[in-house]
Amino acid sequence: METSLKEIQLLVFHLGDKIDAPYASTIIFDSSPQNGRPHLEIKGDEFHYICEERGLIIHDNKTNNIDELLYWIFQNISFEMALDYEFKNRKKGQDTRKILFSKQLEILQKISEKWKLKRQEEINGILKFNPFK
């Protein structure tokens with residue numbers, strides 16, 4: 001069974017309410033706004049979560065798993081929210097990623113423990129090669 005963009009949009013609005021996400025961050029585009037913000041294309045049973053800027057595709061993540069797609073969407077939304085939080089709560093001399101990553105995990109956990117753990121693994125990979133200062 002194919003999932004429509006409208007159905008995905010409703011899911012994103014619902015999950016966005018759980019984390020008090022800004023409404024503008026939860027709008028799913030069906031074509032690129034050409035500013036680096038991702039959009040979604042559905043091709044058969046495959047979801048393409050594409051980030052494009054000035055005609056250049058930065059990434060084209062593909063999946064047929066709705067949970068994976070929603071994770072990608074909320075990884076971006078939660079990052080934006082955490083970035084805003086970090087900026088407002090910045091501590092002089094501290095690696096900004098400490099607050100940023102911690103807040104992002106807190107946000108994701110409100111939706112899914114699985115998503116929080118997945119993001120924690122990704123963060124661990126980042127910190128392995130680029131540790132906190």
Is there a donor-acceptor pair under 3.5 Å between the side chain of [X] and the backbone N or O of [Y]?
{"X": "Arg37", "Y": "Ser25", "answer": "yes"}
{"X": "Gln109", "Y": "Lys116", "answer": "no"}
{"X": "Glu7", "Y": "Ser4", "answer": "yes"}
{"X": "Ser78", "Y": "Gln75", "answer": "yes"}

I need the [X] [atom1] to [Y] [atom2] distance, nearest 0.5 Å.
{"X": "Ile66", "Y": "Asp45", "atom1": "CD1", "atom2": "CG", "answer": "11.5 Å"}
{"X": "Thr3", "Y": "Leu69", "atom1": "OG1", "atom2": "CG", "answer": "9.0 Å"}
{"X": "Leu40", "Y": "Ile42", "atom1": "CG", "atom2": "CD1", "answer": "5.0 Å"}
{"X": "Ile19", "Y": "Ile111", "atom1": "CD1", "atom2": "CD1", "answer": "4.0 Å"}
{"X": "Leu70", "Y": "His14", "atom1": "CG", "atom2": "NE2", "answer": "11.0 Å"}
{"X": "Met81", "Y": "Leu108", "atom1": "CE", "atom2": "CG", "answer": "9.5 Å"}

Are the side chains of [Y] and [X] in contact, using a 4.5 Å heavy-atom criterion?
{"X": "Glu53", "Y": "Ile58", "value": "yes"}
{"X": "Glu41", "Y": "Asp30", "value": "no"}
{"X": "Asn76", "Y": "Pro38", "value": "yes"}
{"X": "Trp72", "Y": "Phe47", "value": "no"}
{"X": "Ile107", "Y": "Ile77", "value": "no"}
{"X": "Lys88", "Y": "Asp84", "value": "yes"}
{"X": "Phe87", "Y": "Ile99", "value": "no"}

What one should report as the nearest heavy-atom pair of Asp67 and Asn65 is N-OD1, 2.8 Å
Over all heavy atoms of both residues, which pair between Gly36 and Cys51 is shortest? Give the atoms and the distance, please.
-> O-SG, 2.7 Å
For [X] and [Y], test the side chains for any donor-to-acceptor distance below 3.5 angstrom and give the result as yes or no.
{"X": "Arg119", "Y": "Gln104", "answer": "yes"}
{"X": "Thr96", "Y": "Glu86", "answer": "no"}
{"X": "Glu52", "Y": "Gln34", "answer": "yes"}

Less than 3.5 Å apart, which donor and acceptor atoms pair up between the side chains of residues 124-133 and the rest of the protein, not counting sequence neighbours?
unit_1 : atom_1 : unit_2 : atom_2 : d
Asn124 : OD1    : Gln120 : NE2    : 2.9
Asn124 : ND2    : Gln120 : O      : 3.4

Worked verdict on Lys110 versus Asp20 for salt bridge (Lys or Arg N to Asp or Glu O under 4.0 Å) = CA-CA 10 Å; Lys110 291 179 182 178; Asp20 295 321; 5.6 Å; no
Following the transitive rule for hydrophobic clusters with a side-chain heavy-atom cut-off under 4.5 Å over Ile, Leu, Val, Met, Phe, Trp and Tyr, establish whether [X] and [Y] coincide in one cluster.
{"X": "Leu100", "Y": "Phe74", "result": "no"}
{"X": "Ile28", "Y": "Phe79", "result": "no"}
{"X": "Ile73", "Y": "Leu105", "result": "no"}
{"X": "Ile123", "Y": "Leu83", "result": "yes"}

Counting heavy atoms not belonging to Phe29, are there more than 12 under 6.0 Å from its CZ?
-> yes
What orientation do Tyr49 and His59 show, parallel under 30°, tilted 30 to 60°, or perpendicular over 60°?
-> tilted
Taking NZ, NE, NH1 and NH2 as the nitrogens, is one of them in Glu121 or Lys118 under 4.0 Å from a carboxylate oxygen of the other?
-> no
